[in-house]
Amino acid sequence: MPIESDTADQRWMRLALELAANGQGCVEPNPMVGCVLVKDGTCIGQGFHRRFGGPHAEIEALRSLPSPSDARGATAYVTLEPCCHHGKTPPCSTALIQARVGRVVCAMRDPFPKVDGGGIGQLRESGIDVTLGVLETAAQSLNAPYLKRLQTGTPWTIAKWAMTADGRIATHTGQSKWISGAGSRRHVHQLRSRVDAIIVGMGTVLADDPMLNARLEDRNLPLQPAPRSQSRIAKRVIVCRQRLPPLESKLVRTANTLPTWVFSSPGVNQSELQRLVECGVRNVAIDTDDPHQMIRQMLEQLGRMEMTNVMLEGGAQLLGSFLDPDSTQCLIDECHVYIGGKLFGGQQAPGPIAGPGIAAIVDAAQLRVQSVDQFDDDVRIVYRRRD
């Protein structure tokens with residue numbers, strides 16, 4: 001069959017990537033995957049992985065065809081190498097072979113050990129032409145959290161904070177509600193609805209008495225499509241180095257209905273900790289009270305629990321624990337910075353990241369802009385760490 005040009009390959013792969021993104025928050029710990037079936041320059045079928053445990057993108061695309069025979073000789077554009085093993089679903093490589101597609105274009109290989117080139121190998125052994133690497137960088141960016149967990153065993157960490165145009169997260173008297181507007185806050189709830197855990201420190205618990213759940217009642221997000229129904233309930237995680245949340249706090253009072261965990265150091269009061277457990281709070285013990293080591297151990301534990309995305313909602317001391325001034329290592333992968341149209345001023349007004357900080361500019365964590373959005377007079381900038 002004729003081979004599509006690079007321009008056509010990229011166009012169809014962009015569509016497949018757009019489809020794949022629809023699975024965000026629904027498919028984890030699996031990757032987001034999209035598939036487009038093309039014949040004679042026309043899209044004849046498409047699909048994406050909709051939910052964890054459900055049919056993969058290739059199966060969804062094949063099922064979208066009016067007739068199974070329509071797939072014969074078609075080109076399948078897939079954002080990730082088709083799986084070749086029996087997991088919760090049968091192998092997608094086998095389905096494409098049985099459908100007798102003529103060509104498969106993959107954005108990238110799947111580094112999952114049970115796949116990792118095996119799907120591509122099966123397709124080629126069956127005589128199917130395989131092209132690899134079309135829009136690979138975009139595909140890697142889409143599934144960066146999945147790739148990180150495979151490589152390091154730890155989840156993708158998203159730090160979120162709201163600050164004024166002059167970089168303050170509160171006035172010098174401690175007032176912080178509200179820096180950002182209603183549109184920004186609605187958007188934060190949408191972000192909460194797709195992550196596996198929302199993490200705070202005790203400073204935030206005592207200052208704000210938060211609920212840390214996703215409340216999606218208002219679906220009219222400015223400049224954004226209406227969010228899907230909530231796909232997952234994030235674990236509410238509190239990092240407890242010395243203090244524990246009060247029994248009367250919202251997090252503890254709702255622990256029997258919304259999952260609430262504390263990651264506690266040996267320095268917390270054990271009798272108070274037992275009372276929290278009796279209220280439905282789950283305790284995960286950490287064997288150190290060093291802030292940076294506590295964070296590392298927590299991320300390793302969350303990774304073993306197959307969490308892919310976790311969200312840091314403060315406060316400043318917690319965020320500072322993700323920056324190690326000794327190793328200059330930053331454990332934050334992505335920052336969602338909401339900048340409100342306000343000025344607080346004041347040398348004593350706090351910034352978003354506390355702790356000792358980095359001494360030399362050359363050691364600063366390097367970020368790149370992922371996206372910029374505007375909500376009324378607020379701006380949200382999404383950064384990702386360059387390395």
Side-chain angles (χ1 to χ4, degrees), residues 1-23 27 30-50 54-144 146-147 150-151:
M1 64 173 289
I3 303 299
E4 292 95 338
S5 69
D6 287 344
T7 301
D9 282 353
Q10 291 173 1
R11 183 172 73 250
W12 294 121
M13 189 60 77
R14 286 192 189 95
L15 175 58
L17 287 166
E18 291 172 5
L19 290 168
N22 289 318
V27 302
N30 283 353
M32 294 172 277
V33 184
C35 178
V36 176
L37 299 173
V38 176
K39 184 184 282 188
D40 299 326
T42 300
C43 174
I44 61 172
Q46 61 185 38
F48 65 93
H49 187 27
R50 294 177 179 272
H56 288 185
E58 298 91 328
I59 306 305
E60 291 276 6
L62 290 170
R63 289 177 179 175
S64 74
L65 296 174
S67 170
S69 63
D70 291 345
R72 183 169 184 172
T75 296
Y77 291 88
V78 192
T79 58
L80 188 69
E81 174 183 6
C83 66
C84 57
H85 68 290
H86 283 270
K88 291 185 178 295
T89 59
C92 293
S93 57
T94 301
L96 292 172
I97 292 168
Q98 292 175 344
R100 306 183 76 174
V101 301
R103 182 179 177 229
V104 175
V105 180
C106 297
M108 60 176 290
R109 285 174 60 150
D110 186 349
F112 184 61
K114 291 184 178 180
V115 184
D116 200 11
I120 292 171
Q122 284 187 0
L123 294 169
R124 286 175 172 162
E125 288 170 6
S126 299
I128 296 175
D129 179 25
V130 178
T131 299
L132 180 65
V134 175
L135 299 187
E136 181 176 24
T137 299
Q140 290 171 339
S141 179
L142 176 69
N143 274 314
Y146 166 76
L147 297 173
L150 281 184
Q151 182 180 16

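Just so you know, these numbers come straight off a predicted model, no measurement behind them.
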Q | Straight-line distance of R100 CZ to S126 OG, nearest 0.5 Å | A | 11.5 Å
Q | Step-by-step side-chain contact (heavy atoms from CB on, under 4.5 Å) determination, V104 to T131 | A | CA-CA 6 Å; V104 175; T131 299; over 6 Å; no
Q.
For T79 versus V33, what's the shortest heavy-atom pair and its separation?
A. OG1-CA, 3.3 Å
Q. So which heavy atom on L150 is nearest to which on P111, and how close?
A. CD1-CG, 3.8 Å
(Q) Would R103 and V130 count as a side-chain contact (heavy atoms from CB on, under 4.5 Å) here? Give the steps. (A) CA-CA 6 Å; R103 182 179 177 229; V130 178; over 6 Å; no
Q: Return the minimal non-hydrogen interatomic distance between C83 and P90, and the atom names on each side.
A: SG-O, 4.1 Å
Q: Rounded to the nearest 0.5 Å, what's the gap from NE2 on H56 to CZ on R50? Could you check?
A: 14.0 Å
**Q.** Side-chain donor/acceptor of D110 to backbone N/O of F112, under 3.5 Å
**A.** yes
Q: Decide, yes or no, whether a salt bridge links D9 with R14 under the criterion of side-chain N to carboxylate O below 4.0 Å.
A: no
Q) For L96 and I128, which heavy atoms make the closest approach, and how far apart are they? A) O-CD1, 4.3 Å
(Q) To the closest 0.5 Å, what do you measure between CE (M108) and CD (Q140)? (A) 5.0 Å
Q. Roughly how far apart are C106 SG and L80 CG, rounded to 0.5 Å?
A. 8.0 Å
Q: Verify, without hydrogens or angle tests, whether S64 (side chain) and G45 (backbone) share a donor-acceptor contact under 3.5 angstrom.
A: no
Q: Taking S141 for its side chain and T137 for its backbone only, find out whether a donor-acceptor pair lies under 3.5 Å.
A: no
Q: Using the test side-chain contact (heavy atoms from CB on, under 4.5 Å), find all partners of E18 that sit at least two apart in sequence or belong to another chain.
A: L15
Q.
Quick one, C43 with L37, criterion side-chain contact (heavy atoms from CB on, under 4.5 Å). Give me CA distance, side-chain angles, the key distance, then yes/no.
A. CA-CA 6 Å; C43 174; L37 299 173; over 6 Å; no
Q) Can you tell me how far CG of L62 sits from CD of Q46, rounded to the nearest 0.5 angstrom? A) 13.0 Å
Q) Donor-acceptor pair, E81 side chain versus G118 backbone, under 3.5 Å? A) yes
(Q) Return the SG to NZ distance between C84 and K114, rounded to the nearest 0.5 Å. (A) 10.5 Å
Q.
Among residues at least two apart in sequence or on other chains, which ones pass side-chain hydrogen bond (donor to acceptor under 3.5 Å, both in side chains) with R109?
A. D116
Q) What are the two closest heavy atoms between V38 and W12, and how far apart are they? A) CG2-CD2, 3.5 Å
Q) How close do D70 and K39 get, heavy atom to heavy atom, and via which atoms? A) O-NZ, 2.7 Å
Q: List the steps and the verdict of side-chain contact (heavy atoms from CB on, under 4.5 Å) for T94 and Q122.
A: CA-CA 8 Å; T94 301; Q122 284 187 0; 4.3 Å; yes
Q) Got a donor-acceptor contact below 3.5 angstrom from the S93 side chain to the L123 backbone? A) no
Q.
Is any side-chain heavy atom of T75 closer than 4.5 Å to one of V101?
A. no
